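Report on the following structure.
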Amino acid sequence: MKAVLDVLRAAVADYCAAESIEFDPAAIQIEPPRDPKFGDFATNCVLQIASRAKRKPRDVAGAVVERVLRATDGQGSVIAKAEIAGPGFINFTIDPRVWIRALEAVDREGEQYGWSRAERPERVQIEFVSANPTGPLHVGHGRNAVVGDVCARLLEMTGHTVEREFYVNDAGKQIMTLGASVVARMREARGEAGTFPEDGYPGQYVKEIAARLVAEGVLPSDEPAAVRAIALRAADVLKAVQKKDLDDLNVRFDVWFSETPLHEGGAVAATIDDMTARGHIYDADGARWFRSTAFGDEKDRVVVRSNGEKTYFAADMAYHRNKFVERGFARVMNVWGADHHGYIPRMKAIVSALGKPADALEIVLVQFVNLTGGRMGKRTGNMVTLREVIDEVGRDAARFFFLLRSYNTTLEFDLDLAKRESSDNPVYYVQYGHARIASLIAKAAEKGFSPPHFDAHFADVLSLPEEVSIAKKLQEFPEVVRTAAALREPHRIPFYLMDIVGAFHAYYTKYKHDEKVVSDDREKTNARLFLLNVLRHVLANGLAVVGVAAPEKM
RNA sequence: GCGCCCGUAGCUCAGCUGGAUAGAGCGUCGGACUUCGAAUCCGCAGGUCGGGUGUUCGACUCACCCCGGGCGCGCCA
């Protein structure tokens, strides 16, 4: 690829010098064309030069191609063909053996293939899920969890240091509402009179927790301190349930950050003082306001209400000061449900007020999930618990399906499809590809073959177009990972896996009679085992990034 | 009313941050196992890329305006 680029740049530089056109050869890029029939690489640089110099594109292209061909006339060039196409593209076809030779690195890097070093490594904190400890997780949290988790894995894979955090809102009014709900259910369980709070949590789980507390001899009470103590007991139980759900989804956190200490330790008050000293907070109408409009928000936000209570937003301010200042993260990511998008400007305002660039806080907004099929009929995701989905379709299918759409589009989650064990189901399709290769290798072992490491002469043996095509795709993997990480778009990984595994299935079926992988031809058998073994590693690495198993057998 | 996301084949979605004749899968229909895994593969059909202006050599992609769907606009958390 670099060899092609060098030749092209030299040719363009020569042409531009001869025609006295100003153009920086460094700006020239080559990329794989959309359609493989256009060759291995294409460049559109001629179109840019021609439009700037007011020449006809095809004339310019002709002159450049002539120079490229002259430069590659001798032996030893990887460029097999250079031709003009369409409105003025230059397409390059390279010697197919180059793609096979490049597998040397894929083989050598093994489990590390796809990992890379960042140009500027960062210490990134990513906060996700952060569900209130007032109930079980629902499907929306599941999507949030997997998107956040895979973003974290992708960042680690590209050389960043990542800390995963779950923020526990255990200080606000909703925790007292939980407490009041439990107290009411405790009275019911004891056969006492009482009414259930209007805004209470109606779930069955509240009754179960109440029953447990009653059994332990805890007495219901309306004393705020008692209600809070009961609430915290309930929250602990619910937190454990959430943790178990996440664990079963293969999602784990480094830090469970509780809101309460921010209040009790004085961080919220200190943050308000600090912001006041910097002139970002003012008094009006008996309340204290954060001047977020100074940083682009549409209105200022209350941090202390006129009744003296600090708002949830005040705690958020302290929490993000903790992230950026106390803990010194240069980059902070928050994964939120789409319904929170209105909070972005005020959160960015906090960051700006702390003297950090607003870009240092990234918000990933995950759209909603609609469930279809299964036992649930059609329902929106926040009615169905994550637990039900994991139990019904399994961890691997759940994770894969959550990643199957870009997170800024609503996800239609088909439970029937996710359960199906056939190629309709993308997760089985990919896993089956991995298992099928493992099985082939096992079969070969029975005949005394084991997958070899790279050998240069494979380039002469692996000459079927499908083999070259698979080799090419294998080399895209690190770039796919880097792009997915840089754009925070985890869905690119499953799409890549489906693409390359499809190429394998097609290759396998097409040649299963005439050009078998394991045959009497030792050279071909070894070369093909090498190719498939490398492919298996890439599939395993790709499945590992998305946290899905790569089975040997299914 | 204002703001964010979405609108691409009958359905579900990609489209590499401006490139060539817009791609998959599912579904329909028709094919392929005496042989390394048929949990697979091959083929046919299917499109005014929601509509319109503009920028550009070139627009699914960028800008603006409409239309349609989802979500949000508290001294709630």
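In what follows, chains carry the letters A, B, and so on, assigned in the order in which the sequence lines appear, proteins first and then strands, with residues in each chain numbered from 1. What you see below is based on every heavy atom in this structure, not just the backbone, and it leaves out hydrogens, waters and symmetry mates. From a predicted model like this one, the values you see are computed outputs, not experimental measurements.
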Query - Closest to the A:Lys299 side chain, choosing from B:rC16, B:rC36, B:rC75 - result: B:rC75
Query raised in the report: CG of A:Leu404 versus P of B:rC26: gap in Å, rounded?
Result: 13 Å
Requested in this report: Determine the interatomic distance between C1' on B:rC71 and the same-named atom on B:rU17; round to the nearest Å.
Outcome: 25 Å
Query - Whole-Å P distance, B:rA32 and B:rA38 - result: 16 Å
Report summary line: Whole-Å distance, A:Ile500 CD1 to B:rC16 C1', equals 16 Å
Query raised in the report: What interatomic distance, in whole Å, is found between C1' of B:rC2 and the corresponding atom of B:rG27?
Result: 42 Å
Query raised in the report: At under 4.0 Å, does any side-chain N or O of A:Lys512 touch on OP1 or OP2 of B:rA38?
Result: yes
Query raised in the report: Going by atom types only, do A:His340 and A:Asn334 share a side-chain donor-acceptor pair under 3.5 Å?
Result: no
Report summary line: Against the side chain of A:Thr483, the closest entry in B:rG37, B:rC42, B:rC16 is B:rC16
Query raised in the report: Relative to the 5' end of RNA chain B, which residue comes earlier, A:Ser406 or A:Ala284, by the nucleotide with the nearest heavy atom?
Result: A:Ser406
Query raised in the report: So which nucleotide from B:rG15, B:rG37, B:rC76 ends up closest to the side chain of A:His491?
Result: B:rG15
Report task. Go through the N and O atoms of the side chain of A:Tyr432 and the base of B:rC41, and report whether any donor-acceptor pair is under 3.5 Å. Result -> no
Query raised in the report: Just by distance, with hydrogens left out, do A:Glu83 and A:Asn91 show a side-chain donor and acceptor under 3.5 Å apart?
Result: no
Query raised in the report: Just checking, is any N or O donor in the side chain of A:Ser519 or A:Asp521 under 3.5 Å from an acceptor N or O on the other one?
Result: no
Query - Pairing nucleotide - B:rC11, Watson-Crick or G-U, each distance under 3.5 Å - result: B:rG25
Report task. Rounded to whole angstrom, note down the C1' distance from B:rG30 over to B:rC60. Result -> 32 Å
**Report entry** Heavy-atom side-chain proximity of A:Val430 to A:Phe400 below 4.5 angstrom
**Finding:** yes
Report summary line: A:Leu262 CG to B:rA77 P, in whole Å, measures 15 Å
Report task. Give one of base, sugar-phosphate or nothing for A:Tyr429, where a contact means two heavy atoms less than 4.0 Å apart. Result -> sugar-phosphate
Query raised in the report: Side-chain donor-acceptor pair under 3.5 Å between A:Asp316 and A:Tyr343, yes or no?
Result: no
Query raised in the report: Is the ring centre of A:Phe89 less than 6.0 Å from the ring centre of A:Phe38?
Result: no
Quick test: give all pairs of protein nitrogen or oxygen and nucleotides 3-8 of chain B nitrogen or oxygen below 3.5 Å, distance rounded to 0.1 Å.
{"from": "B:rG3", "atom 1": "N2", "to": "A:His341", "atom 2": "NE2", "distance (Å)": "2.1"}
{"from": "B:rC5", "atom 1": "O2'", "to": "A:Gln367", "atom 2": "NE2", "distance (Å)": "3.4"}
{"from": "B:rC5", "atom 1": "O2'", "to": "A:Asn408", "atom 2": "O", "distance (Å)": "2.5"}

Report task. Select base, sugar-phosphate, or nothing to describe what A:Ala287 touches, counting heavy atoms under 4.0 Å on all strands. Result -> base
**Report entry** Residue A:Arg405, side-chain atoms from C-beta onward, closest of B:rU12, B:rG15, B:rA38
**Finding:** B:rU12
Query raised in the report: In whole angstroms, how far is the P atom of B:rC13 from the CG atom of A:Asp499?
Result: 20 Å
**Report entry** From A:Val139, A:Val546, A:Val150, residue fulfilling side chain to side chain contact (heavy atoms under 4.5 Å, CB included) relative to A:Phe402
**Finding:** A:Val139
Requested in this report: Give a yes or no on whether the backbone of A:Ala549 and the side-chain of A:Gln431 come within a donor-acceptor separation of less than 3.5 Å.
Outcome: yes
Query raised in the report: Do the side chain of A:Tyr496 and the base of B:rA14 come within less than 3.5 angstrom through a donor-acceptor pair of N or O atoms?
Result: no
Requested in this report: Round to the nearest Å and state the distance from A:Asn526 atom CG to B:rC36 atom C1'.
Outcome: 15 Å
Report task. To the nearest Å, give me how far apart CG (A:Asp416) and P (B:rU12) are. Result -> 16 Å
Query raised in the report: With rounding to whole Å, what would you report as the distance between B:rG58 and B:rG70 at their P atoms?
Result: 38 Å
Query raised in the report: If only atom types and distance count, is the side chain of A:Thr260 paired as donor or acceptor with the main-chain N or O of A:Asp170 below 3.5 Å?
Result: yes
**Report entry** Spacing of the P atoms in B:rG3 and B:rG74 (rounded, Å)
**Finding:** 15 Å
Query raised in the report: What is the nucleic acid contact for A:Arg492, judged by heavy atoms within less than 4.0 Å: base, sugar-phosphate only, or nothing?
Result: sugar-phosphate
Report task. Report the nucleotide, chosen from B:rC41, B:rC71, B:rA39, that has the shortest atom-to-atom distance to any side-chain atom of A:Thr509. Result -> B:rC41
Query - Rounded P spacing from B:rG15 to B:rC5 in Å - result: 16 Å
**Report entry** Summary of protein contacts for nucleotides 19-25 of chain B, nucleotide by nucleotide, where a base hit scores B, a sugar-phosphate-only hit scores S (4.0 Å, heavy atoms)
**Finding:** BBB----
Query raised in the report: Considering Watson-Crick and G-U wobble pairs with both distances under 3.5 Å, what does B:rC4 pair with?
Result: B:rG70
Requested in this report: Would you indicate what A:Glu552 reaches in the nucleic acid, counting non-hydrogen atoms under 4.0 angstrom: base, sugar-phosphate, or nothing?
Outcome: base
Report summary line: Quick note, A:Phe495 side chain, CB onward, closest among B:rC75, B:rC13, B:rG37 is B:rC13
**Report entry** Base-pairing assignment for B:rU53 (Watson-Crick or G-U wobble, both under 3.5 Å)
**Finding:** B:rA63
Report task. Answer yes or no: does atom CG of A:Asp520 have more than 12 heavy-atom neighbours from other residues, nucleotides or ligands under 6.0 Å? Result -> no
Requested in this report: Taking only the side-chain heavy atoms of A:Lys173 (C-beta and beyond), determine which of B:rC36, B:rC76, B:rU17 contains the nearest atom.
Outcome: B:rC76
Report task. Specify the separation, in whole Å, of atom CG of A:Asn169 and atom C1' of B:rC76. Result -> 13 Å
Report task. Just say parallel, tilted or perpendicular for the rings of A:Phe313 and A:Phe290, cut-offs at 30° and 60°. Result -> tilted
Report task. Could you walk me through whether A:Glu552 and A:His434 pass the side-chain contact (heavy atoms from CB on, under 4.5 Å) test, one step at a time? Result -> CA-CA 7 Å; A:Glu552 303 280 312; A:His434 183 270; 3.9 Å; yes
**Report entry** Below 4.0 Å: OP1/OP2 of B:rA77 and any side-chain N or O of A:Arg305
**Finding:** yes
Query raised in the report: Checking all strands, does A:Ala50 fall into the base, sugar-phosphate, or nothing category for heavy-atom contacts under 4.0 angstrom?
Result: nothing
Report task. Using the closest heavy atom to pick a nucleotide of RNA chain B for each, name whichever of A:His513 or A:Ser306 lands nearer the 5' end. Result -> A:His513
Query raised in the report: Could you state the CG-P distance from A:Leu403 to B:rA14, rounded to the nearest angstrom?
Result: 13 Å
Query raised in the report: Mind checking the P distance from B:rU21 to B:rG68? Whole angstroms is fine.
Result: 34 Å
Requested in this report: Could you tell me whether B:rU61 is syn or anti, where syn means a glycosidic angle within 90 degrees of zero?
Outcome: anti
Requested in this report: Using the side chain to side chain donor-acceptor pair (under 3.5 Å) rule, pick out the option among A:Glu467, A:Lys512, A:Glu515 that qualifies with A:Tyr507.
Outcome: A:Glu467
